[in-house]
Every structure is written in C-alpha cells, then in structure tokens.
Student: 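Take a look at the following structure, please.
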Amino acid sequence: MRRDIRFIILLAITVMLFMVFVFPAFNIFQESKVKLLDEHFFYTPDEAVACLQGLGAEGRRTYVLVAAVVDMIYPIIYCLLFYLTISVLLTPASRWKWIAWLPGVLDALENIFTLIMLGMYPGIHRNVALLGGLFNGMKWIAVALVVLFILALLIRKLIFHKNEQQST
C-alpha cells in the first residue's frame, strides 16, 4: 500500500509535468492562437476544419507528432494514476477500478480521429470530424466522472475512518 501511494504521487507529478512543461513546449500552437481539438468540448466539423486551417502546414505537422506520440502516452499515465488511486480506495476484488481506463480509451480514439483528419486535410470528411468531436466530448465527460468517483471514494473513506475513530 505504501509503495502504491508513492507511485500515485510520482504519477501525479508526471501528469503535472505534462500539463506545465510538455504540452506548452509545443509553442507553435500558442503562436497560432488556435484552440486545439483536444481543448474543445464536443467540437463540430466546422470547428475541426477551422482549427486545422488555423494551424498552417507546420502546425499540422507538429500536431501529428503530438497526437501520435505525446497525446497517446499522456492518457496511459493519467489513467494509471486514476486506476491506482481507485485501487487503493476500493477492495482488491472490486470491478469498479476498471472505470479508470475509460477516459484513456476515449482519448486514444479521439487522437486516432485527429490523426485521420490531419491525414485527410484539406478534404476532411464530415463524419470523421463528427466522430472525433463525439469522442472528444465523451472523453471529457468520462474524465469528470472518474474524478468525481475518486472524490466520492475519498469522502467515503474519510467518513468511515472518522466513524472508526469515534467508536474506539
């Protein structure tokens, strides 16, 4: 258990490093003033086209690298953080801990559709963009639900811990 807590802290630090250093390192996106597809919530096909147009050729090439490598590694890290946190808060036999991987699966699907659109550009098929936007929104909902689930488990643990202390 103690080792799990240390690993959870290490993963949390890694997630923060991604958000603070890795993603901002691709400053070409900041220079273009374009809101990346990952940053939307249920983007539309028109928003997808506008995003990819606004990035320009160099930005689209960089976006391929980010979507294919960096943003495929990041979901593994944050879902592992979710999984271990839930595992520590639940009994080992609980099946609920697997919910932690749902946001990562949806994130990977979103990235795949982003890569497909980048490969199709400028002739992006509307249905591909619709599916990408759908997986994008579902990812954000799944992340929110998993975070709320973890918070509920923490509150439950604190309440039970407090009740155990009062009864002794």
Side-chain angles (χ1 to χ4, degrees), residues 1-26 29 35-45 47-48 51 63-119 127-168:
M1 174 94 138
R2 193 175 194 95
R3 192 178 79 190
D4 288 343
I5 301 295
R6 278 189 248 156
F7 197 53
I8 287 169
I9 292 168
L10 178 65
L11 286 169
I13 290 168
T14 305
V15 166
M16 285 187 257
L17 290 173
F18 263 81
M19 293 185 332
V20 173
F21 296 109
V22 175
F23 288 121
F26 296 97
F29 301 129
K35 186 177 177 183
L36 294 179
L37 297 177
D38 286 80
E39 298 169 348
H40 286 80
F41 182 66
F42 287 112
Y43 60 80
T44 66
E47 289 171 324
C51 170
Y63 203 5
V64 168
L65 171 70
V66 171
V69 180
V70 178
D71 205 21
M72 289 295 200
I73 294 169
Y74 183 62
I76 294 168
I77 295 168
Y78 75 74
C79 287
L80 186 56
L81 172 62
F82 289 161
Y83 179 80
L84 288 175
T85 303
I86 292 170
S87 295
V88 165
L89 297 171
L90 290 175
T91 61
S94 178
R95 293 183 185 157
W96 281 100
K97 58 188 170 191
W98 295 102
I99 196 171
W101 295 102
L102 181 61
V105 169
L106 294 167
D107 201 346
L109 288 167
E110 175 194 14
N111 293 335
I112 289 166
F113 277 89
T114 299
L115 290 167
I116 291 169
M117 286 186 284
L118 285 161
N127 290 337
V128 172
L130 279 170
L131 284 171
L134 178 65
F135 287 125
N136 164 272
M138 289 172 35
K139 168 196 72 177
W140 288 115
I141 290 170
V143 167
L145 289 174
V146 170
V147 169
L148 288 173
F149 183 60
I150 290 170
L151 289 174
L153 291 173
L154 283 168
I155 291 167
R156 184 183 85 166
K157 190 158 189 92
L158 289 171
I159 289 170
F160 282 130
H161 184 69
K162 185 178 176 182
N163 289 342
E164 286 174 4
Q165 285 182 336
Q166 288 177 350
S167 64
T168 55

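Nothing fancy with the numbering, it's 1 onward along the sequence.
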Student: Angle between ring planes, Y74 versus F23, binned at 30° and 60°: parallel, tilted or perpendicular?
Tutor: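 Y74 and F23: perpendicular rings.
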
Student: Quick check for you: to the nearest 0.5 Å, what is the distance between L131 atom CG and M117 atom CE?
Tutor: 9.5 Å

Student: Could you pull out the closest heavy-atom pair between A129 and P45, with the gap in Å?
Tutor: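 The answer is CB-CA, 3.6 Å.
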
Student: Using the side chain to side chain donor-acceptor pair (under 3.5 Å) criterion, which residues pair with Y78? Sequence neighbours excluded.
Tutor: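 Once residues adjacent in sequence are excluded, the partners of Y78 under the side chain to side chain donor-acceptor pair (under 3.5 Å) criterion are D107.
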
Student: For the backbone of H40 and the side chain of N136, can you confirm whether one donor and one acceptor N or O come within less than 3.5 Å of each other?
Tutor: yes

Student: Looking at P92, is its backbone amide N or carbonyl O close enough to the side chain of K97 to form a donor-acceptor pair, meaning the two atoms are under 3.5 Å apart?
Tutor: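 Yes, K97 side chain to P92 backbone: donor-acceptor pair under 3.5 Å.
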
Student: Measure across I150 and I86 and return the closest heavy-atom pair with its distance rounded to 0.1 Å.
Tutor: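 Result for this residue pair: CG1-CG1, 3.5 Å.
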
Student: Once rounded to the nearest 0.5 Å, what's the spacing between atom OG of S87 and atom CH2 of W96?
Tutor: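 Atom-to-atom, S87:OG and W96:CH2 are 14.5 Å apart.
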
Student: Set out, in order, the CA-CA distance, both residues' side-chain angles and the distance that settles side-chain contact (heavy atoms from CB on, under 4.5 Å) for L134 and F113, then state yes or no.
Tutor: CA-CA 10 Å; L134 178 65; F113 277 89; over 6 Å; no

Student: Run the numbers on M138 and L109 for side-chain contact (heavy atoms from CB on, under 4.5 Å), then give the verdict.
Tutor: CA-CA 10 Å; M138 289 172 35; L109 288 167; over 6 Å; no

Student: How about W140: does its CH2 atom have over 12 heavy atoms from other parts shown lying under 6.0 Å from it?
Tutor: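 No, because the 6.0 Å sphere around CH2 of W140 holds 12 heavy atoms or fewer from other groups.
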
Student: Does D38 have any salt bridge (charged side-chain N to carboxylate O under 4.0 Å, His left out) partners at least two apart in sequence or in another chain, and if so, which?
Tutor: K139

Student: Can you see which heavy atom on T114 is nearest to which on A67, and at what distance?
Tutor: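 Heavy atoms only, the tightest pair is CG2-CB, 4.3 Å.
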
Student: Between L17 and V22, is any pair of side-chain heavy atoms under 4.5 Å apart?
Tutor: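 Side chain of L17 against side chain of V22, heavy atoms only: no contact under 4.5 Å found.
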
Student: So, taking the atom named OG1 in T85 and the one named CZ in F149, what distance separates them when rounded to the nearest 0.5 Å?
Tutor: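 So the gap between those two atoms works out to 11.5 Å.
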
Student: So, for G104 and C79, which heavy atoms are closest and what is the spacing to 0.1 Å?
Tutor: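 So the minimum-distance heavy-atom pair works out to N-SG, 3.2 Å.
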
Student: Any idea which heavy atoms bring A48 and L37 closest together, and the distance?
Tutor: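 Minimum heavy-atom separation between A48 and L37: CA-CD2, 3.6 Å.
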
Student: Find the distance between CG (L80) and CG (L11) and round it off to the nearest 0.5 Å.
Tutor: 5.0 Å

Student: More than 12 non-hydrogen atoms from neighbouring residues, nucleotides or ligands closer than 6.0 Å to CZ on F41, yes or no?
Tutor: yes

Student: Go through the steps for F7 and L81 under the test side-chain contact (heavy atoms from CB on, under 4.5 Å), then give the verdict.
Tutor: CA-CA 8 Å; F7 197 53; L81 172 62; over 6 Å; no

Student: Would I99 and F82 count as a side-chain contact (heavy atoms from CB on, under 4.5 Å) here? Give the steps.
Tutor: CA-CA 9 Å; I99 196 171; F82 289 161; over 6 Å; no

Student: Measuring from atom CG of L118 to atom OH of Y63, what distance do you get when rounded to the nearest 0.5 angstrom?
Tutor: 7.0 Å

Student: Going by heavy atoms in the side chains, are N111 and F135 under 4.5 Å from each other?
Tutor: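 With C-beta onward as the side chain, the pair stays apart.
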
Student: Rounded to the nearest 0.5 Å, what separation is found between the OG atom of S94 and the CG atom of L89?
Tutor: 10.5 Å

Student: Does any non-hydrogen side-chain atom of V146 lie less than 4.5 Å from one of L102?
Tutor: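 Side-chain contact under 4.5 Å: no.
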
